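Worth saying up front: this structure is predicted, and the values here are computed from it rather than measured.
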Amino acid sequence: MLNTMKRIVMLIGLMTALFVGCTTYDSAEVYHKNFRSGSHDLLQIEGFYTDTSRKSTNKGAHLATLEVKPMFLYSDGSVWSANHYVQTGLFQPTNYKNPQDYSWGNYKIKGDTILIERFTLNPNSGAYERVILRGIMVLNGIKIIGRRERKMPEVAVNYDMVFMPFAAKPDPAGNWTRTKKKYNK
(Lines give C-alpha, C1' and ligand atoms only; values in the text may rest on other atoms or scores of the structure.)
Protein backbone atom coordinates (compact mmCIF):
# COMPACT_ATOMS: atom_id res chain seq x y z
CA MET A 1 0.00 0.00 0.00
CA LEU A 2 2.81 2.40 0.89
CA ASN A 3 4.62 1.69 -2.41
CA THR A 4 1.41 2.37 -4.34
CA MET A 5 0.95 5.72 -2.56
CA LYS A 6 4.57 6.69 -3.30
CA ARG A 7 4.07 5.85 -6.97
CA ILE A 8 0.87 7.90 -7.15
CA VAL A 9 2.55 10.89 -5.48
CA MET A 10 5.53 10.60 -7.85
CA LEU A 11 3.22 10.33 -10.86
CA ILE A 12 1.24 13.41 -9.78
CA GLY A 13 4.50 15.32 -9.23
CA LEU A 14 5.80 14.32 -12.67
CA MET A 15 2.54 15.31 -14.38
CA THR A 16 2.53 18.66 -12.54
CA ALA A 17 6.12 19.34 -13.61
CA LEU A 18 5.26 18.51 -17.22
CA PHE A 19 2.14 20.70 -17.12
CA VAL A 20 3.99 23.67 -15.60
CA GLY A 21 6.93 23.28 -18.00
CA CYS A 22 4.76 23.48 -21.11
CA THR A 23 4.42 26.80 -22.87
CA THR A 24 0.85 28.03 -22.79
CA TYR A 25 -0.84 30.69 -24.86
CA ASP A 26 -3.67 33.04 -23.98
CA SER A 27 -6.56 32.90 -26.43
CA ALA A 28 -6.61 35.44 -29.24
CA GLU A 29 -9.51 37.90 -29.39
CA VAL A 30 -8.52 40.06 -32.35
CA TYR A 31 -6.98 37.40 -34.61
CA HIS A 32 -8.96 34.42 -35.91
CA LYS A 33 -9.20 32.25 -39.01
CA ASN A 34 -10.01 34.34 -42.16
CA PHE A 35 -8.91 37.47 -40.28
CA ARG A 36 -9.23 40.89 -41.95
CA SER A 37 -7.42 43.79 -40.32
CA GLY A 38 -9.37 46.71 -41.73
CA SER A 39 -7.71 49.96 -42.75
CA HIS A 40 -7.61 53.67 -42.10
CA ASP A 41 -6.26 56.59 -44.14
CA LEU A 42 -4.00 57.67 -41.25
CA LEU A 43 -2.36 54.23 -40.83
CA GLN A 44 1.34 54.32 -41.72
CA ILE A 45 3.45 51.20 -42.23
CA GLU A 46 6.77 52.45 -43.67
CA GLY A 47 8.36 52.75 -40.23
CA PHE A 48 7.32 52.20 -36.62
CA TYR A 49 5.16 53.70 -33.89
CA THR A 50 6.64 54.42 -30.46
CA ASP A 51 5.17 55.79 -27.27
CA THR A 52 6.21 59.24 -26.15
CA SER A 53 6.17 58.51 -22.42
CA ARG A 54 9.94 58.06 -22.18
CA LYS A 55 12.25 60.82 -23.25
CA SER A 56 16.00 60.67 -23.85
CA THR A 57 18.01 61.42 -20.71
CA ASN A 58 20.34 63.57 -22.81
CA LYS A 59 18.56 66.91 -23.24
CA GLY A 60 19.02 68.46 -26.67
CA ALA A 61 20.26 65.08 -27.85
CA HIS A 62 20.61 63.99 -31.44
CA LEU A 63 17.71 61.95 -32.86
CA ALA A 64 19.95 58.84 -32.77
CA THR A 65 19.96 58.91 -28.94
CA LEU A 66 16.18 59.17 -28.59
CA GLU A 67 14.86 56.16 -26.66
CA VAL A 68 12.09 54.31 -28.50
CA LYS A 69 10.07 51.14 -28.10
CA PRO A 70 9.35 50.31 -31.76
CA MET A 71 6.04 48.78 -32.86
CA PHE A 72 5.72 47.91 -36.54
CA LEU A 73 2.33 47.51 -38.22
CA TYR A 74 2.04 45.59 -41.50
CA SER A 75 -0.52 45.81 -44.29
CA ASP A 76 -1.70 42.23 -43.55
CA GLY A 77 -2.64 43.19 -39.96
CA SER A 78 0.48 41.79 -38.28
CA VAL A 79 2.20 43.63 -35.41
CA TRP A 80 5.79 43.31 -34.18
CA SER A 81 6.65 45.12 -30.97
CA ALA A 82 9.89 45.53 -29.02
CA ASN A 83 9.44 44.84 -25.31
CA HIS A 84 12.21 47.21 -24.18
CA TYR A 85 13.39 50.72 -24.95
CA VAL A 86 16.44 51.23 -27.16
CA GLN A 87 18.18 54.26 -28.61
CA THR A 88 17.06 54.94 -32.17
CA GLY A 89 20.66 54.86 -33.45
CA LEU A 90 21.21 51.40 -31.96
CA PHE A 91 17.95 49.80 -33.09
CA GLN A 92 18.13 47.02 -35.66
CA PRO A 93 15.24 44.53 -35.94
CA THR A 94 17.69 41.73 -36.75
CA ASN A 95 19.26 42.10 -33.28
CA TYR A 96 16.08 40.75 -31.64
CA LYS A 97 16.64 37.01 -31.38
CA ASN A 98 15.34 36.28 -27.86
CA PRO A 99 11.51 35.90 -27.74
CA GLN A 100 11.51 37.76 -24.40
CA ASP A 101 12.67 40.91 -26.23
CA TYR A 102 9.82 41.22 -28.73
CA SER A 103 6.20 40.27 -29.32
CA TRP A 104 4.14 39.29 -32.35
CA GLY A 105 0.43 39.88 -32.75
CA ASN A 106 -2.21 41.48 -34.93
CA TYR A 107 -4.25 44.64 -35.15
CA LYS A 108 -7.81 45.36 -36.24
CA ILE A 109 -9.19 48.73 -37.31
CA LYS A 110 -12.87 49.64 -37.25
CA GLY A 111 -13.70 53.26 -38.00
CA ASP A 112 -10.97 55.29 -36.29
CA THR A 113 -10.47 52.73 -33.48
CA ILE A 114 -7.54 50.32 -33.54
CA LEU A 115 -7.16 47.22 -31.37
CA ILE A 116 -3.58 45.99 -31.11
CA GLU A 117 -3.27 42.44 -29.75
CA ARG A 118 0.19 41.09 -29.02
CA PHE A 119 1.51 38.07 -27.17
CA THR A 120 4.43 38.64 -24.79
CA LEU A 121 6.51 35.79 -23.39
CA ASN A 122 6.51 35.80 -19.59
CA PRO A 123 9.97 34.50 -18.63
CA ASN A 124 8.77 33.36 -15.19
CA SER A 125 5.94 31.13 -16.40
CA GLY A 126 6.96 30.40 -19.99
CA ALA A 127 3.44 31.45 -21.04
CA TYR A 128 2.61 33.81 -23.89
CA GLU A 129 0.35 36.43 -22.34
CA ARG A 130 -2.08 38.55 -24.37
CA VAL A 131 -2.03 42.33 -24.15
CA ILE A 132 -4.63 44.37 -26.04
CA LEU A 133 -4.21 48.10 -26.57
CA ARG A 134 -7.18 50.19 -27.71
CA GLY A 135 -6.42 53.40 -29.51
CA ILE A 136 -7.69 56.10 -31.82
CA MET A 137 -5.98 56.79 -35.16
CA VAL A 138 -4.69 60.38 -35.30
CA LEU A 139 -2.45 62.26 -37.71
CA ASN A 140 1.09 60.78 -37.47
CA GLY A 141 0.21 58.57 -34.53
CA ILE A 142 -2.15 56.62 -32.33
CA LYS A 143 -3.70 57.85 -29.07
CA ILE A 144 -3.80 54.85 -26.72
CA ILE A 145 -6.83 55.02 -24.42
CA GLY A 146 -7.16 51.48 -23.03
CA ARG A 147 -5.03 48.49 -22.05
CA ARG A 148 -6.10 44.98 -21.15
CA GLU A 149 -3.83 42.16 -20.02
CA ARG A 150 -4.80 38.51 -20.09
CA LYS A 151 -8.37 38.11 -18.84
CA MET A 152 -8.42 41.28 -16.77
CA PRO A 153 -10.86 44.14 -17.51
CA GLU A 154 -9.62 47.04 -19.63
CA VAL A 155 -7.84 49.81 -17.75
CA ALA A 156 -8.03 53.41 -18.99
CA VAL A 157 -4.67 54.81 -20.07
CA ASN A 158 -3.73 57.99 -21.86
CA TYR A 159 -0.58 58.21 -23.93
CA ASP A 160 0.43 58.92 -27.48
CA MET A 161 2.34 56.81 -29.96
CA VAL A 162 4.06 58.74 -32.72
CA PHE A 163 5.10 57.43 -36.13
CA MET A 164 8.77 57.45 -37.12
CA PRO A 165 9.87 56.53 -40.66
CA PHE A 166 12.32 53.63 -40.67
CA ALA A 167 13.56 51.44 -43.53
CA ALA A 168 14.24 48.07 -41.88
CA LYS A 169 11.43 45.88 -40.51
CA PRO A 170 11.22 42.40 -39.00
CA ASP A 171 9.98 39.82 -41.51
CA PRO A 172 6.20 39.34 -40.99
CA ALA A 173 6.63 35.66 -41.85
CA GLY A 174 7.85 35.35 -38.24
CA ASN A 175 4.36 36.17 -36.93
CA TRP A 176 3.72 32.79 -35.32
CA THR A 177 0.14 33.76 -34.39
CA ARG A 178 -0.72 33.37 -38.08
CA THR A 179 0.34 29.71 -38.11
CA LYS A 180 -0.62 28.57 -34.58
CA LYS A 181 -3.42 26.03 -34.89
CA LYS A 182 -5.16 27.34 -31.75
CA TYR A 183 -5.86 30.69 -33.48
CA ASN A 184 -6.81 29.29 -36.89
CA LYS A 185 -9.70 26.93 -36.16
ILVMFWY network linking I109 to I145, side-chain heavy atoms under 4.5 angstrom: no
Output all residues satisfying side chain to side chain donor-acceptor pair (under 3.5 Å) with T120, sequence neighbours left out; order by chain, then residue number. S103, R118
Under 4.5 Å between any side-chain heavy atoms of Y102 and H84, yes or no? no
At their closest point, which heavy atom of G146 faces which heavy atom of V157, and how far apart are they? N-CG2, 3.5 Å
Passes side chain to side chain contact (heavy atoms under 4.5 Å, CB included), L73 versus I142? Steps please. CA-CA 12 Å; L73 303 179; I142 302 170; 4.3 Å; yes
Give the intermediate values and the outcome of side chain to side chain contact (heavy atoms under 4.5 Å, CB included) for residues T88 and V68. CA-CA 6 Å; T88 307; V68 295; 3.5 Å; yes
Do M161 and I144 come close enough that some side-chain heavy atom pair is under 4.5 Å? yes
Side chain to side chain donor-acceptor pair (under 3.5 Å) with K143: which residues, sequence neighbours excluded? N158, D160
Close side-chain approach of P93 to F166, heavy-atom, < 4.5 Å: yes
Pairing residues for N184 by the side chain to side chain donor-acceptor pair (under 3.5 Å) criterion, not counting sequence neighbours: Y31
Ring pair (Phe, Tyr, Trp, His ring centres under 6.0 Å) partners for Y107, two or more places apart: none
Just so I know, are the side chains of M71 and I116 near enough to count as touching, which here means a heavy-atom distance under 4.5 Å? yes
Using every non-hydrogen atom in the two residues, find where T50 and M164 come nearest and quote the distance to one decimal. CG2-SD, 3.8 Å
Looking at every non-hydrogen atom in both residues, tell me the closest pair between P123 and Q100 and how far apart they are. CB-NE2, 3.2 Å
Strictly by salt bridge (Lys or Arg N to Asp or Glu O under 4.0 Å), give each pair with a member in residues 33-50 just once, sequence neighbours left out. none
Shortest non-hydrogen contact from Y128 toward F119: CD2-O, 3.9 Å
Side-chain donor-acceptor contacts of residues 130-141 below 3.5 Å, not counting sequence neighbours, with atom names and distances?
from: R130; atom 1: NH1; to: S27; atom 2: O; distance (Å): 2.4
from: R130; atom 1: NH2; to: E29; atom 2: OE2; distance (Å): 3.3
from: R130; atom 1: NH2; to: R150; atom 2: O; distance (Å): 2.4
from: R134; atom 1: NE; to: E154; atom 2: OE1; distance (Å): 3.2
from: R134; atom 1: NE; to: E154; atom 2: OE2; distance (Å): 3.1
from: R134; atom 1: NH2; to: E154; atom 2: OE2; distance (Å): 2.4
from: N140; atom 1: OD1; to: Q44; atom 2: NE2; distance (Å): 3.1

Taking the side chain as every heavy atom from C-beta outward, state whether W104 and V79 have any atom pair closer than 4.5 Å. no
Find the distance between OG (S39) and CD1 (I114) and round it off to the nearest 0.5 Å. 9.5 Å
Can you hop from L121 to F72 via hydrophobic side chains spaced under 4.5 Å? yes
For Y96, ring pair (Phe, Tyr, Trp, His ring centres under 6.0 Å) partners two or more places apart: W80, F91
Identify all side-chain donor-acceptor contacts of residues 170-180 below 3.5 Å with residues at least two apart in sequence or on another chain.
from: D171; atom 1: OD1; to: A173; atom 2: N; distance (Å): 3.0
from: N175; atom 1: OD1; to: T177; atom 2: N; distance (Å): 3.2
from: N175; atom 1: OD1; to: T177; atom 2: OG1; distance (Å): 2.6
from: N175; atom 1: ND2; to: S78; atom 2: OG; distance (Å): 2.9
from: N175; atom 1: ND2; to: G105; atom 2: O; distance (Å): 3.0
from: N175; atom 1: ND2; to: N106; atom 2: OD1; distance (Å): 3.3
from: T177; atom 1: OG1; to: N106; atom 2: ND2; distance (Å): 2.8
from: R178; atom 1: NE; to: N106; atom 2: OD1; distance (Å): 2.7
from: R178; atom 1: NH2; to: D76; atom 2: O; distance (Å): 2.7
from: R178; atom 1: NH2; to: N106; atom 2: OD1; distance (Å): 3.0
from: T179; atom 1: OG1; to: W176; atom 2: O; distance (Å): 3.2

Non-neighbouring partners of N122 that pass side chain to side chain donor-acceptor pair (under 3.5 Å), sequence neighbours left out: E129
Go through the side-chain N and O atoms of D51 and Y85 and say whether any donor and acceptor fall under 3.5 Å apart. yes
